[in-house]
Amino acid sequence: MKNYFFLFLFTVGCSIYNDLDYPSEINYFEVYPSSETQPVSSKDDAADDIAIWINDLNVENSIIIGTNKQVGLDTYNLSGDLIKSYTFGRINNVDIFQEFNVGEEKFPLVIGSNRTDNTIFLGRLYSDGSIKKILKNDPKSFIEEVYGITSYNTNDMDYVFISGKDGTLEQWLIEDNKGTINMNLVRTIKFNSIVEGLVSDSYYEKLYVAEETVGLWEISINPNIDLNKKLIFNTDKRYFKPDFEGVTLYKKDNGEGYIFISIQGSNSYAVLDRKSKEFKSVFRIKKSNNIDSVSDTDGIDLSQLSTNKFPEGLFIVQDGDNDNQNQNFKFVNLSSILDKIYEKP
């Protein structure tokens, strides 16, 4: 964090909304969307979060799951075309276990924070983009109003983390129980204000938690050891304004890589070093020839899949102001971001 506070000293008197105001000490850059999804069917604040499923049999047929948080979930192909829509309830955030074992079967398991009944939605994703609800009654959270959600997958334990507007974070153990899914609450963690964006890191056994008005926290995932709660990147009044929203990971070997954070208050995305947690860069997604710029972003996700259109991966963000249309999700070639992240020589 030393580098970050050093950078802050240079920001006095600058306006975040003028791109030229970034001092040279902050590595700021711009990228451009290559494609986008169809707008969601609901008006106003509706699109929110996304998850990407990689089809190992044919990566070109991978699926994107997006929330239309007024009614349910939508699925899209890699061209952004809508495949199917589902009225599962007011699912705010979504994530996916790429492969989950239930009985003798393995399949992609979609999870979501369903604000209609404050439950953890569980659905099976099929390769044609369809989703089937698994349980008649989904597990009910003890949080008053559920918000964010993420998965944690290892060979030993699988967890679901779900957060709430009151700052509560629940950790649930999810496992196969004789051919059906069983979930048990193992730990409840309190923050002082709204928590939404979450992402887990199995290499370090850490969970990164975005407390919207405070910053990004790191906590230990293992419920049997100390929480080791650390604020690793904080909001400020100039360059990294509240709210901190979506969080996602870019993973390289030996624990290297990056943590991406959606800075909604600044219409930008911060990049931290995954290993050192040092600030690296900040960027915006600007207007391309035929696609509008991105602002007011909630959820983000990335995938390191390799396709004809996205040879080095795909970065997806929610766009809160889709050029006077209903909200949607924008696609950015991950390579255009990785090429510009600052690295020390």
Side-chain angles (χ1 to χ4, degrees), residues 45-51 65-73 88-97 109-123 135 137-152 158-174 183-201 206-221 223 227-235 242-248 261-265 296-301 318 320:
D45 187 23
D48 193 290
D49 193 32
I50 56 275
I65 306 104
T67 63
N68 178 349
K69 62 186 178 184
Q70 295 185 20
V71 294
L73 295 173
F88 290 130
R90 296 188 299 118
I91 297 178
N92 192 71
N93 276 198
V94 65
D95 200 9
I96 189 166
F97 289 91
L109 176 65
V110 179
I111 59 173
S113 52
N114 195 337
R115 296 167 71 182
T116 295
D117 50 11
N118 282 316
T119 57
I120 300 170
F121 171 82
L122 300 174
L135 302 178
N137 297 308
D138 286 325
K140 190 170 182 63
S141 168
F142 295 94
I143 296 172
E144 184 176 344
E145 186 174 3
V146 295
Y147 221 43
I149 198 164
T150 198
S151 60
Y152 178 79
D158 294 321
Y159 293 111
V160 172
F161 291 88
I162 189 165
S163 64
K165 276 195 170 184
D166 64 352
T168 302
L169 174 67
E170 292 178 344
Q171 180 175 356
W172 292 73
L173 177 66
I174 179 169
M183 293 188 66
N184 290 294
L185 180 66
V186 297
R187 183 167 59 164
T188 300
I189 302 158
K190 286 292 294 182
F191 292 83
N192 291 327
S193 59
I194 296 175
V195 167
E196 183 172 10
L198 307 166
V199 71
S200 63
D201 190 335
K206 298 293 184 182
L207 182 75
Y208 304 114
V209 179
E211 186 176 3
E212 292 189 1
T213 60
V214 177
L216 187 70
W217 295 90
E218 173 192 270
I219 64 173
S220 297
I221 281 177
L227 194 63
N228 289 320
K229 184 179 176 184
K230 297 178 183 176
L231 185 64
I232 58 176
F233 189 69
N234 55 284
T235 62
D243 297 331
F244 279 18
E245 293 283 346
V247 191
T248 191
I261 314 160
S262 167
I263 314 295
Q264 190 178 74
D296 200 29
T297 295
D298 279 314
I300 62 176
D301 198 13
Q318 179 260 6

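What you see is a predicted model; the values in this text were computed from it and never measured. Reckoned from all heavy atoms, side chains included, excluding hydrogens, waters and symmetry mates.
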Residues which pass ring-ring contact (aromatic ring centres under 6.0 Å, His included) with Phe97, listed by chain and number, not counting sequence neighbours: Phe100

Side chain Ser163, main chain Val195, donor-acceptor under 3.5 Å: yes

Donor-acceptor pair, side chain of Asn114 and main chain of Phe121, under 3.5 angstrom: no

Non-neighbouring partners of Glu170 that pass side-chain hydrogen bond (donor to acceptor under 3.5 Å, both in side chains), sequence neighbours left out: Ser141, Trp172

By side-chain hydrogen bond (donor to acceptor under 3.5 Å, both in side chains) - contacts of Thr67 (at least two apart): none

Approximate separation, where rounding is to 0.5 Å, of Phe244 CZ and Phe233 CZ: 5.0 Å

side-chain hydrogen bond (donor to acceptor under 3.5 Å, both in side chains) against Asn93, all qualifying residues, sequence neighbours excluded: Asp48, Glu196

Note, Thr213 side chain near Ile194 side chain (heavy atom, < 4.5 Å): no

Residues in salt bridge (charged side-chain N to carboxylate O under 4.0 Å, His left out) contact with Asp201, at least two apart in sequence or another chain: Arg274

Sidechain-backbone polar pair: Asn184 side chain, Leu173 backbone, donor-acceptor under 3.5 Å: no

side-chain hydrogen bond (donor to acceptor under 3.5 Å, both in side chains) between Gln264 and Asp298, intermediate numbers included: CA-CA 7 Å; Gln264 190 178 74; Asp298 279 314; 2.9 Å; yes

Close side-chain approach of Glu144 to Lys165, heavy-atom, < 4.5 Å: no

Which residues share a salt bridge (charged side-chain N to carboxylate O under 4.0 Å, His left out) with Asp243, sequence neighbours left out: none

Gap separating the OG1 atom of Thr119 from the CG atom of Asn137, nearest 0.5 angstrom: 9.5 Å

With Arg115 via salt bridge (charged side-chain N to carboxylate O under 4.0 Å, His left out) - residues at least two apart: Glu145

Note, Arg90 side chain near Asp117 side chain (heavy atom, < 4.5 Å): no

Nearest-0.5 Å distance that lies between atom CZ in Phe161 and atom CG in Leu198: 8.5 Å

Distance, nearest 0.5 Å, that separates CG of Leu122 from CG of Leu109: 5.5 Å

Residues which pass side-chain contact (heavy atoms from CB on, under 4.5 Å) with Asn228, listed by chain and number, not counting sequence neighbours: Lys206, Ser220, Asp226

Heavy-atom donor-acceptor pair, Glu211 side chain to Leu216 backbone, under 3.5 Å: no

Rounded distance (nearest 0.5 Å) linking atom CD1 of Ile111 with atom CD1 of Ile96: 9.5 Å

Donor on one side chain, acceptor on other, Asn92 and Ser113, under 3.5 Å: no

All salt bridge (charged side-chain N to carboxylate O under 4.0 Å, His left out) counterparts of Asp45, not counting sequence neighbours: Lys69

Candidate pair Leu185 and Phe142, rule side-chain contact (heavy atoms from CB on, under 4.5 Å), full reasoning: CA-CA 9 Å; Leu185 180 66; Phe142 295 94; 3.6 Å; yes

Nearest heavy-atom neighbours spanning Ser200 and Ile221: CB-CD1, 3.9 Å

Lys230: partners by side-chain contact (heavy atoms from CB on, under 4.5 Å), with sequence neighbours left out: Glu218, Ile232

Validation row: Leu207, Tyr159 side chains within 4.5 angstrom (heavy atoms): no

Derivation and outcome, side-chain contact (heavy atoms from CB on, under 4.5 Å), residues Asp166 and Phe191: CA-CA 8 Å; Asp166 64 352; Phe191 292 83; over 6 Å; no

With Val199 via side-chain contact (heavy atoms from CB on, under 4.5 Å) - residues at least two apart: Tyr208, Val247, Leu249

Smallest separation among heavy atoms of Pro223 and Gln171, with atom names: CD-NE2, 3.8 Å

Minimum-distance pair of heavy atoms, taken over all atoms of Val94 and Leu73: CG2-CD2, 4.1 Å

side-chain contact (heavy atoms from CB on, under 4.5 Å) against Ala47, all qualifying residues, sequence neighbours excluded: Val40, Gln318, Gln327, Phe329

Any side-chain heavy-atom pair of Asp138 and Ile120 under 4.5 Å: no

pair Thr168-Thr188: side-chain heavy atoms closer than 4.5 Å: yes

Thr235 side chain vs Gly215 backbone, donor-acceptor pair below 3.5 Å: no

Spacing of Lys190 atom NZ and Leu169 atom CG [to the nearest 0.5 Å]: 10.0 Å

